[in-house]
Protein chains: 2
Amino acid sequence: MPFEDKKKSRVTLVDVARRANVSRATASLVIRKSPLVGADTRARVEEAMRELGYVYNMGAARLRAERSHTVGVIVPNLTNPFFAELLSGIEAVIDSAGMVVILANSGDLVERQDMVMRRMREHGVDGVIVCPAAGTEPAFLHQLADWDLPLVQVLRQISEEVDYAGSDYAAGMRQAVDYLASLGHRTIAFAVHGPIHSAYRERVEGFCDAMQSRGLDPNMIVGLPIQIGEIADAAHLLFGEGEQPTAVICFNDVIALGLSAGLYDRGLKVGENFSLIGFDDVTDAEAMRPRLTSVSTGPVTIGGNAARLLLDRLADPIRPPRRVVNETVLHIRQSCGPVAISALQQSR
Amino acid sequence: MPFEDKKKSRVTLVDVARRANVSRATASLVIRKSPLVGADTRARVEEAMRELGYVYNMGAARLRAERSHTVGVIVPNLTNPFFAELLSGIEAVIDSAGMVVILANSGDLVERQDMVMRRMREHGVDGVIVCPAAGTEPAFLHQLADWDLPLVQVLRQISEEVDYAGSDYAAGMRQAVDYLASLGHRTIAFAVHGPIHSAYRERVEGFCDAMQSRGLDPNMIVGLPIQIGEIADAAHLLFGEGEQPTAVICFNDVIALGLSAGLYDRGLKVGENFSLIGFDDVTDAEAMRPRLTSVSTGPVTIGGNAARLLLDRLADPIRPPRRVVNETVLHIRQSCGPVAISALQQSR
DNA sequence: GAAAGCTTTTAGATCGATCTAAATGAACAG
DNA sequence: CTGTTCATTTAGATCGATCTAAAAGCTTTC
């Protein structure tokens with residue numbers, strides 16, 4: 001008897017076709033929801049699929065159809081909540097397009113990024129969303145494009161010739177500076193850390209431009225450690241010799257959280273006699289005390305934009321490159337206050 | 001002329017083989033580092049691969065070899081830093097085994113989990129690491145195992161018959177209770193939230209057991225909102241009628257962060273006249289003020305353990321199921337202090 | 001110098017889908 | 001009743017690797 005009830009091998013399209021009394025080709029059309037098949041045939045095939053517990057074999061399909069329904073995502077760091085939120089935004093959009101995300105971590109190292117990118121190609125991803133590691137050369141991205149690998153840069157823009165999704169960091173900096181200036185602050189520090197890349201430069205330039213256009217000195221830029229635990233202990237770096245700042249703008253919320261702790265340790269009251277603005281507005285900002293005033297860059301939104309950009313490019317590989325830059329929003333909470341009288345007098 | 005210089009189609013093994021004057025089969029052996037090929041032949045083939053810019057086609061290989069070098073990871077939520085760290089641990093180990101991670105988010109919903117699991121099967125993952133959505137039935141996992149899909153549960157244990165990696169939450173709770181008791185606290189609240197699952201039950205039971213074995217009342221269990229922003233405003237729930245707690249143990253660090261803010265709002269000084277212990281010890285714990293005393297569960301370690309468990313099972317599908325449970329560590333910082341005199345008197 | 005044993009190489013079938021181009025059948029016009 | 005059109009269905013080739021089993025070379029042994 002040709003019966004084979006016990007778990008033998010996997011159920012394939014041939015099994016389904018046989019069961020439904022149609023050919024392999026017709027069964028294939030049913031799966032792909034082609035309008036070519038008749039209604040009753042379709043029903044019969046679907047019934048057979050259900051009865052046999054058929055599972056589509058994407059791998060086999062991809063081989064022939066050159067579409068893997070798979071998207072690579074490369075981030076420099078997973079433990080930073082900002083990237084986790086970005087990833088979440090990407091995943092949601094990719095998922096709802098019926099595709100899956102293959103994840104990789106570059107550790108912000110170009111060599112690892114090379115490796116990982118190669119692996120993505122081997123796995124035949126349809127496209128890649130990458131937050132380029134610091135130091136990535138434009139040539140690297142161009143080569144990938146030459147290899148016909150659809151690509152989107154996210155957060156950091158290396159090349160103008162490749163799609164990009166990010167946020168308007170410079171405008172965000174202007175919002176922060178304007179707000180502090182409106183509270184009377186004139187000596188404002190900028191606390192930074194981390195590797196240098198386009199997002200870094202954009203923020204620094206945004207800060208400097210905003211300061212200069214108000215006639216303020218943009219040169220109080222302070223470098224801090226990467227690890228959040230060490231940032232607090234480095235808060236004293238804000239107060240070197242010369243003029244003392246009455247407010248600080250942070251490169252990101254990690255720094256803001258760290259400095260908030262460090263300023264507390266020094267006996268300063270954030271929001272009262274010292275002002276602090278974060279950047280990114282991660283969910284923790286709401287939970288700090290005083291609540292952190294922060295420039296929201298919307299990582300989930302950026303992720304979604306990047307994913308949509310990639311889907312669009314998949315649909316039309318030769319469209320010219322696009323930039324999708326979302327607006328930042330200044331979220332005013334409690335960590336800033338009017339400049340203290342004493343500080344004003346000090347700076348005279 | 002049979003020359004085809006311009007970018008035509010992708011370079012395949014046949015091209016490489018032709019170039020190196022060997023057969024397809026031999027070229028394949030070289031790629032797979034088989035010891036069967038001679039040294040000079042190997043060199044010739046590798047040379048040809050380099051010259052042609054050959055990229056291995058994993059998809060084609062998988063079809064024949066039934067190995068996709070792909071692992072599915074399903075988490076309930078990406079924006080929670082705890083899961084991001086878990087994911088980071090998984091990714092590192094999977095990556096170093098030469099495989100890639102396909103990521104999916106179940107949103108802690110069983111229906112979505114079903115969908116996502118189906119998609120993983122379609123993509124032919126070699127195995128899956130899943131943090132089961134609250135309400136997952138053991139039958140669900142057993143069915144997957146029946147389908148010959150190697151499986152590891154992480155953080156939440158639904159079935160004893162499936163590999164599991166987690167942390168000893170009950171022991172962690174005991175550490176927290178013991179520590180607070182040693183500081184003189186007798187009325188200790190337990191702040192919880194979120195969906196009910198094994199990790200939830202283990203923590204609650206651990207708390208109750210530890211309290212009871214010291215003759216303390218374990219019934220002060222307080223439910224709080226999910227969103228971190230709302231937790232602070234719910235801090236008053238700790239102080240209902242009846243006896244007032246002098247300390248609180250939190251189900252996780254999200255609650256700890258939220259409550260710390262809420263207690264601050266109520267004018268309580270955490271670490272002085274009220275004690276607070278977190279659970280998980282995420283990186284932010286270090287940055288809070290006062291620094292958060294927290295029970296470390298080591299998400300990165302757990303993730304690594306889960307990944308290794310899966311790799312082991314891939315190597316030996318019939319080995320009996322294992323449990324890998326790592327020890328928790330109480331990280332003492334600044335958020336707890338000896339019970340205040342006034343509170344002691346009040347509770348008499 | 002032929003048989004045996006070993007290492008190295010290969011032809012051809014195969015995995016499970018999709019694609020192409022052609023066949024089938026029904027409906028309709030002349 | 002035949003030729004044409006249109007909607008369905010299908011056989012067979014194909015994607016790019018791996019696997020099996022056998023062939024080809026090369027030593028070694030008697």
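Labels below follow one simple rule: chain letters A, B, ... track the order of the sequence lines, proteins then strands, and each chain is numbered from 1.
Of the possible polar contacts, none joining the B:Asn80 side chain to the B:Asn77 backbone as a donor-acceptor pair under 3.5 Å is found. A side-chain donor-acceptor contact under 3.5 Å links B:Gln153 to the backbone of B:Ile158. Listed for the B:Ser34 side chain is no donor-acceptor partner under 3.5 Å among the backbone atoms of B:Leu29. Counting only distance, with no hydrogens or angles, the side chain of B:Gln113 and the backbone of B:Ser106 share no donor-acceptor pair below 3.5 Å.
Look at CD on B:Glu66: it is 11 Å from C1' on C:dT14, rounded to the nearest Å. We find that CZ of A:Arg18 is positioned 13 Å from P of D:dA11, with the value rounded to whole Å. Computed from coordinates, the B:Arg64 CZ to C:dG16 P distance equals 9 Å when rounded to whole Å. Regarding A:Asp15, its CG atom lies at a distance of 9 Å from the P atom of C:dA17, rounded to whole Å. Rounded to whole Å, atom C1' of C:dA17 lies 16 Å from atom CZ of A:Arg67. Atom pair A:Leu13:CG and C:dC19:C1' shows a separation of 14 Å (rounding to whole Å applied).
The closest side-chain donor-acceptor pair between A:Arg32 and A:Ser28 falls under 3.5 angstrom. Side chains of B:Ser68 and B:Asp126: a donor on one and an acceptor on the other come within 3.5 Å. At a cut-off of 3.5 Å, with distance as the only test, no side-chain donor of B:His123 or B:Thr70 sits close to an acceptor on the other residue. In summary, the side chains of B:Ser167 and B:Asn326 do present a donor paired with an acceptor at a separation below 3.5 Å, with no hydrogens or angles considered.
Looking at A:Arg24, its side chain comes within 3.5 Å of the base of D:dG12 through a donor and an acceptor atom.
For A:Arg313, the side-chain hydrogen bond (donor to acceptor under 3.5 Å, both in side chains) partners at least two apart in sequence or on another chain are A:Asp163.
The residue A:Ala61 sits close only to the backbone: its heavy atoms come under 4.0 Å of sugar-phosphate atoms, none of a base.
The side chain of B:Leu63 approaches C:dG16 more closely than any other nucleotide in the set C:dG16, D:dT18, C:dC19.
At least one side-chain nitrogen or oxygen of A:Ser23 sits closer than 4.0 Å to the OP1 or OP2 atom of D:dT10. The phosphate of D:dG16 (OP1 or OP2) has no side-chain N or O of B:Thr12 nearer than 4.0 angstrom.
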Between protein and nucleotides 21-27 of chain D, map the contacts as a letter string: B base, S sugar-phosphate only, - none, heavy atoms under 4.0 Å, written 5' to 3'.
-------
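A salt bridge does not link B:Arg44 with B:Glu47: every distance from a Lys NZ or Arg NE/NH1/NH2 to an Asp or Glu carboxylate oxygen is 4.0 Å or more. A salt bridge links A:Asp312 to A:Arg322: one of the charged nitrogens lies within less than 4.0 Å of a carboxylate oxygen. Using a 4.0 Å cut-off between charged side-chain N and carboxylate O, A:Glu122 and A:Arg118 make a salt bridge.
For the helix from C:dG1-D:dC30 to C:dG30-D:dC1, the angle separating the two terminal helix axes comes to 60°, with each axis derived from five pairs and the value rounded to 10°.
Between A:Ala65 and B:Thr26, the residue anchored closer to the 5' end of DNA chain C is B:Thr26, taking for each the nucleotide with the nearest heavy atom.
Within the structure, every pair that satisfies the salt bridge (Lys or Arg N to Asp or Glu O under 4.0 Å) test and touches residues 101-113 of chain A, not counting sequence neighbours, is listed here: A:Asp108-A:Arg156, A:Arg112-B:Asp95.
Rounding to the nearest 0.5 angstrom, the gap separating the CD atom in A:Glu46 from the CD1 atom in A:Ile31 is 10.0 Å.
A heavy atom lying under 4.0 Å from DNA chain D marks none of the residues of residues 53-60 of chain A. Of the residues in residues 27-44 of chain A, those placing a heavy atom less than 4.0 Å from an atom of DNA chain D are A:Leu29, A:Leu36, A:Val37, A:Gly38, A:Thr41, in numerical order.
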